[in-house]
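Heads up, the thing below is written out as structure tokens.
Labels below follow one simple rule: chain letters A, B, ... track the order of the sequence lines, proteins then strands, and each chain is numbered from 1.
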Amino acid sequence: MKNYKRYLITSALPYANGPVHIGHLAGVYIPADIYVRYLRLKKRDVLFIGGSDEHGVPITIKARQEGVSPQDIVDKYHNIIKSSFEKFGISFDIYSRTTSKIHYETASEFFKTLYDRGEFIEKTTDQYYDEEAKQFLADRYITGTCPHCGNESAYGDQCEKCGTSLNATDLINPKSTLSGTPPVLRSTSHWYLPLDKHEAYLRNWILEENKDWKTNVYGQCKSWLDQGLQPRAVSRDLDWGIPVPVEGAKGKVLYVWFDAPIGYISATKELTPDWAKYWKDKETCMIHFIGKDNIVFHCIIFPAMLHAEGSYILPTNVPANEFLNLEGDKISTSRNWAVWLHEYLEDFPGKEDVLRYTLCANAPETKDNDFTWKDFQTRNNSELVAIFGNFVNRALVLTQNYFGGIVPQAGEFNDFDNVTFNEIASIKKNVEESLEAFRFREALKEAMNLARLGNKYLADTEPWKLIKTDEGRVKTILNISLQITANLAILMEPFLPKTAESLRKMLNINQFEWETIGSLLLPVGHKINQAELLFEKIEDSAIDQQLERLTRIKAENERKNTKAAPQKEPINFDNFSTMDIRTGTILEAEKVPKTTKLMKLKVDTGIDVRTIVSGIAEHFTAEELPGKQISVLVNLEPRKIKGIESQGMILLAEDFSGKLIFVVPENKTDNGALVK
RNA sequence: GGCGAGGUAGCUCAGCUGGUUAGAGCGCAUGAUUCAUAAUCAUGAGGUCGCCGGAUCAUCCCCGGCUCUCGCUACCA
């Protein structure tokens, strides 16, 4: 490990529109916490920074839905998140928030510095504006009919029904969610960070100087850099956020991704007046723990910001994890498909470390992984209870029974004793190597090997037999066994802090330092306390209860999905009769090259033969389409799609699973028959 | 479609720059054992290393093509 003077460890700021779930923990907070605890044990100078990300549009929407202020929303979730982290044992030196005063000052100042230095470019674009509410509308504030699936309540950035990502200008009959009135286009100007200007620098920094980053991170960055970086807007028209600190920027705030990473800096400032040396001294090792969705922000955008500012260091590493699934399905806040930390803490009191263990042992380090309750139970029962807890219990109970809880005097070590004892130091080394390479699951497995070693040592030496014939030998054996438990109490501290603490209490030790691992930690004659169980078995009933909850949620989601969409607003007959729908027959079909969904169709509409482009290629093959009679909206204004002019729209029904079905005449009929 | 990551024992994953019989944990089977929360210890069974082709004396690891999963991105009138 390169010897840095100090360490600055950040973990991604959780977004304060919901509580924290196991995906966050496995991907970010547990690895970060393990790493930090390890550094502290090594007596390194380290700061562990966290906080809530509290700006951005989704929070304002949530506030509006619940009829409260954005501040109410972030207060609520910030408190839930903060206290659940505390109870769980994520050992932040500070857990701050981006609505804090110091953050407003820091972020403004940061922006101002870049602004004064001419690091931004200003651009004017057209955006939807709500004349009644007198404000510009973020994409999320606009709803309308999805041009793809007809869902009436699609958002300006995405239709949640069909998953299509949209531009606000794509929506049919756009409506402002603020006033309900149709918005108008109005020009507005914003500041952009020209990432392209820093591209060469970033390319060299990541691709040449940081080849040792995790392959998923390195690959993702390379992909972005190869595509070429574009200027990115750093401001938005919104009333929730940090005001752009520039003359004439009324009603504009910093875009949330710009202010959020600066939150790491402001939190450090809030923590210590010495903050600058952690951010600006080359001898600081800065590490961002994040999930894979954050790679571009932490490896490209934030470094570009820091580099543009000029006085800051860049991260030494950004160990991003993949995603964790739950029982085979993606974790989703909106579908309530998650194990929430604050609920877990209530359902499994005192079992914080069991979750830490399971999530670390199965962390999505190289690819997406699956969390199952069954696996959780197995890991607890057959690893924590059977291997770790059991060994500790054996060693302590034997000592209690034979020597009244006093560490006995060891005789001379024989070869086997030496081999066993020396193994501790080698396990320490393996754990270090794994941790320093951010391979936490491997590190944990290696640490568990010390407990395995203990069990094997007892099985091989059989003190319960020897006690009848050779008490001196038993003293040596138990001395060594106890030394192993004491070493475990330190070695396990980063991974299972609460367990390590109770183990130290049992052993009656309070000094613990990483570098002492591998030595005789308990002096002869030392009194240990009564043995208590470190872990208890988790019964099927507790697991079944969790599984039942998930089954219930799944059923609820299904019910929501299979409910037909509500009726659209009423129209009159004239509205309807403006639509010219005809029967037609597909003559030719051909997949549009270089697209996934697009099919180019030649259709006989009875009026003429025309070209229609339709997004059906995932549902039908080009071969099965010709000859099929269908319904066509013929007077829809033509639109160029992928360079092909589409003159009409094929009518399709979409079922709940997203499957498309042609709307066809019951019997074959003439092309051009009017549908009315 | 473009890009990135992944596809290795029933499950979850290791396999560094190609070199004799491909590894671990859990699960499973058999045996040993009783100090311990029926926990532990030993042994064993299980793999055409996604598919096809190529280069090489030799490849899970290199090259080409295909396929599946996840993510980013384009597209959906």
> What interatomic distance, in whole Å, is found between P of B:U48 and the corresponding atom of B:G23?
Replying inline: 15 Å
>> Under 4.0 Å, heavy atoms only, any strand: does A:L533 hit a base, just the sugar-phosphate, or nothing?
In response: base
> When the P atoms of B:A55 and B:U43 are considered, how many whole Å apart are they?
Replying inline: 44 Å
> Regarding A:K214 and the six-membered ring of A:F438, is the cationic atom NZ or CZ under 6.0 Å from the ring centre and inside 45° of its axis?
Replying inline: no
>> Need one value for A:N390: base, sugar-phosphate or nothing, where a base atom within 4.0 Å counts as base even if backbone is also close, heavy atoms only.
In response: base
>> What's the gap between B:U69 and B:U8 when it is taken at their C1' atoms, as a whole Å value?
In response: 15 Å
> With a non-hydrogen cut-off below 4.0 angstrom, is A:L225 in contact with a base, only sugar-phosphate, or nothing?
Replying inline: nothing
> Is A:E536 paired with A:K351 through a side-chain N to carboxylate O contact shorter than 4.0 Å?
Replying inline: yes
> Between A:Y192 and A:Y255, is the ring centre distance below 6.0 Å?
Replying inline: no
> Base, sugar-phosphate, or nothing: which does A:R439 touch, judged by heavy atoms less than 4.0 Å apart?
Replying inline: nothing
> CD of A:E539 versus P of B:U37: gap in Å, rounded?
Replying inline: 15 Å
> On a whole-Å scale, what distance lies between the P atoms belonging to B:A9 and B:G46?
Replying inline: 15 Å
>> I'd like the C1' distance from B:G7 over to B:C66, given in whole Å.
In response: 14 Å
> What's the closest nucleotide to the A:N455 side chain, out of B:G71, B:C41, B:C70?
Replying inline: B:C41
Table of protein N/O atoms under 3.5 Å from nucleotides 3-7 of chain B N/O atoms:
{"unit_1": "B:C3", "atom_1": "O2'", "unit_2": "A:S223", "atom_2": "OG", "d": "2.6"}
{"unit_1": "B:G4", "atom_1": "O2'", "unit_2": "A:Q220", "atom_2": "N", "d": "3.3"}

> Expressed as a whole number of Å, how far does the P atom of B:G25 sit from that of B:G44?
Replying inline: 12 Å
> When the distance from CG of A:D226 to P of B:A74 is rounded to whole Å, what number comes out?
Replying inline: 17 Å
>> Please enumerate all residues that pass salt bridge (Lys or Arg N to Asp or Glu O under 4.0 Å) together with A:K602, with sequence neighbours excluded.
In response: none
> Should stems be defined as at least three consecutive Watson-Crick or G-U pairs with both distances under 3.5 angstrom, which of them involve RNA chain B?
Replying inline: B:1-7 with B:67-73, B:10-13 with B:23-26, B:28-32 with B:40-44, B:50-54 with B:62-66
> Do A:S502 side-chain atoms and A:T499 backbone N/O form a donor-acceptor pair below 3.5 Å?
Replying inline: yes
>> Quick check on RNA chain B: between A:F323 and A:D460, whose nearest nucleotide comes earlier from the 5' end?
In response: A:D460
> Can you check side chain to side chain contact (heavy atoms under 4.5 Å, CB included) on A:R232 and A:L195, steps first, answer last?
Replying inline: CA-CA 7 Å; A:R232 272 187 92 117; A:L195 293 175; 3.8 Å; yes
>> Any base atoms under 4.0 Å from A:V296, or only sugar-phosphate, or nothing? Heavy atoms, all strands.
In response: nothing
> Rounded to whole angstroms, how far apart are CG on A:D293 and P on B:U73?
Replying inline: 11 Å
> Nearest-Å distance, CD (A:E442) to P (B:C16)?
Replying inline: 12 Å
>> Would you measure the distance from the C1' atom in B:G47 across to the matching atom in B:U40 and give it in whole Å?
In response: 29 Å
> Syn or anti for B:G46, taking syn as within 90° of 0?
Replying inline: syn
> Atom NZ of A:K330 and atom C1' of B:G71: how far apart are they, to the nearest Å?
Replying inline: 8 Å
> How close or far is atom C1' of B:G71 from atom NZ of A:K214, stated in whole angstroms?
Replying inline: 14 Å
>> Applying side chain to side chain contact (heavy atoms under 4.5 Å, CB included), can you list everything that pairs with A:N325, at least two apart in sequence or on another chain?
In response: A:K330, A:D368, A:D370
> Checking A:N390 side chain against A:I387 main chain: does a donor-acceptor pair fall under 3.5 Å?
Replying inline: no
>> Less than 3.5 Å apart, any donor N or O on the side chain of A:K367 or A:N216 sitting next to an acceptor on the other?
In response: no
> Can you tell me how far C1' in B:G18 sits from the matching atom in B:U56, rounded to whole Å?
Replying inline: 10 Å
> Once you round it to whole Å, what is the distance between C1' of B:A36 and CD of A:E536?
Replying inline: 17 Å
> Does A:F495 have its ring centroid less than 6.0 Å away from the ring centroid of A:Y357?
Replying inline: no
> Quick one: do A:R203 and A:D226 make a salt bridge, cutoff under 4.0 Å?
Replying inline: yes
> For nucleotides 24-35 of chain B, read 5' to 3', which letter fits each nucleotide if B means a protein heavy atom sits under 4.0 Å from the base, S means only the sugar-phosphate is that close, and - means neither?
Replying inline: BSSS------SB
> What's the NZ-C1' distance between A:K211 and B:C16, to the nearest Å?
Replying inline: 17 Å
>> A:E208: which residues meet the side chain to side chain contact (heavy atoms under 4.5 Å, CB included) condition with it, sequence neighbours left out?
In response: A:N204, A:K211
> How about A:D540 and A:Q377: does a side-chain donor come under 3.5 Å of a side-chain acceptor?
Replying inline: yes
